[in-house]
Amino acid sequence: MTSNDTASSLAINGGRPVRDAILPYGRQSVDESDIQAVLEVLRSDWLTTGPRVEEFEEALRHEVGAAHAVSFSSGTAALHGAVFAAGLGPGDEAITTPMTFCATANCVLYQGAQPVFADVLAGTLNIDPEAVERRLTPRTRALLPVDYTGHPADLDPILEIAARRGLTVIEDACHALGARYRGRRVGSISHLSVFSFHPVKHVTTAEGGAVTTDDPELARKLRLFRNHGIDREFRERQARGTWSYGMVALGYNYRLNDLQCALGTSQLRRLPASVSRRQEIAQRYREGLGGCAALRPLEVRDDVSHAYHLFVIQTEPSRLTVDRDRFFAALRAEGIGANVHYVPVHLHPYYQERVGTGPGLCPVAEAAYERIVSLPMFAAMSDHDVADVLAALSKVVAAFQC
Ligand SMILES: *Cc1c(COP(=O)(O)O)cnc(C)c1O
């Protein structure tokens, strides 16, 4: 085939797509045991904060090796709780990464504090500890690394800075349930670790989140915050036969319910299998992309076990005649539900207009943003699905390589 023939075979040019139905970039796995677990709760006495909540928190804290787990109604609510527990308020700063979902930084704003963006490392796109160092000021109160794609951030140097300056480390581990850093489980490393149970994440409760910590005082504040700032939960009051309670802080209703927690506990049992399937898929992608100079997967450091919430590749501009957006459109047309994670937070209109950030603040992240594409990655993907993604990539690269 000439390269003209290759181009005309592309679905974006009217050719036949690799897949007729779109393969999403992520989706949940719900099995019969999950369904039974939820049905049981519907037939029980408690629908909201009942025994299934404690059971889920116990299973989660056990899974990650932390002393406490406190569930929340979403990952965003959990981040908000962590920022509250860390004591951030007006006048304080928290240093975070731009390569994340906007919720990571929004939560700092919720409490009236200022998010400050430090640039990322070019290999993993995780926050660069040296860039963190450069953003420290006397107002810095917390560090908020994100385990981007499920690859743990370089936590030891971050914890070292925090120890030296008396800061709290809030790790946004929403991508990294089941990951390890230098042999330690994510969720047991930072002062506060935050998880999300949105359907695209490793374990789902439909919507949901949690914070894990070893510090009993932080755990107490988290529980307070998710229940209106009230010092005693309803079930505890009922067990003690008392009506009295005090509202001691301004909290929210951020509770996760028994239906969701029953689903979460059931899902958590399959976490190890889900992570190893994702690692297997990543391995196939790496092998399939091995000889392709136009597409480069992110780096994996040898001191981590990667949980692969996402599999991100970068397009190599010098090897392609099209930019990422055109490459992305061609891939979508082939039936591959690629995505882009993320628009760097400091480039969002709200941040530019109201927080005063803008282009040039984090050049490594901004350059990466022009090149990144997330490939489909979820435990229920079949080997055939993975082969389709690789076939579509090689078809699109063949048409657009220079
Ligand atoms: C999913 C996610 C969140 C927010 O979680 P929700 O449960 O959707 O509120 C926060 N940070 C990161 C990095 C995420 O991926």
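First listed ligand is number 1; within each ligand, the first listed atom is number 1.
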Determine, considering heavy atoms only, which of L79, T97, D172 sits nearest to atom 12 (C) of ligand 1. D172

On a heavy-atom basis, I'd like to know which of C107, A173, G209, C174 is closest to atom 10 (C) of ligand 1. C174

Do E57 and R61 make a side-chain contact, defined as non-hydrogen atoms from C-beta onward lying under 4.5 Å apart? no

Are any of the side-chain heavy atoms of R371 and P317 separated by less than 4.5 Å? yes

I want to check a possible cation-pi pair here: R301 against Y181, using under 6.0 Å from ring centre and within 45° of the ring axis as the test. no

For ligand 1, is there an N or O atom under 3.5 Å from any N or O atom of [X]?
X	result
V146	no
H309	no
H175	yes

Between the side chain of [X] and the main-chain N/O of [Y], is any donor-acceptor distance below 3.5 Å?
X	Y	answer
T100	T97	no
E55	A262	no
R226	S71	yes

Check contact between G208 and ligand 1, using heavy atoms of the residue and a distance below 4.0 angstrom. yes

Please state whether Y342 comes within less than 4.0 angstrom of ligand 1, counting heavy atoms only. yes

I need the contact type for T76 against ligand 1. Using non-hydrogen atoms and a strict under-4.0 Å cut-off, is it side chain, backbone, both or neither? both

Atoms of ligand 1 less than 4.0 Å from [X] heavy atoms?
X	value
K201	1 (C), 2 (C), 3 (C), 14 (C), 15 (O)
S196	1 (C), 5 (O), 6 (P), 7 (O)
T104	11 (N)
T100	13 (C)

Should we count CZ of R164 as having more than 12 external heavy atoms under 6.0 Å? yes

Out of L167, V132, D92, which residue meets the side-chain contact (heavy atoms from CB on, under 4.5 Å) rule with T140? L167

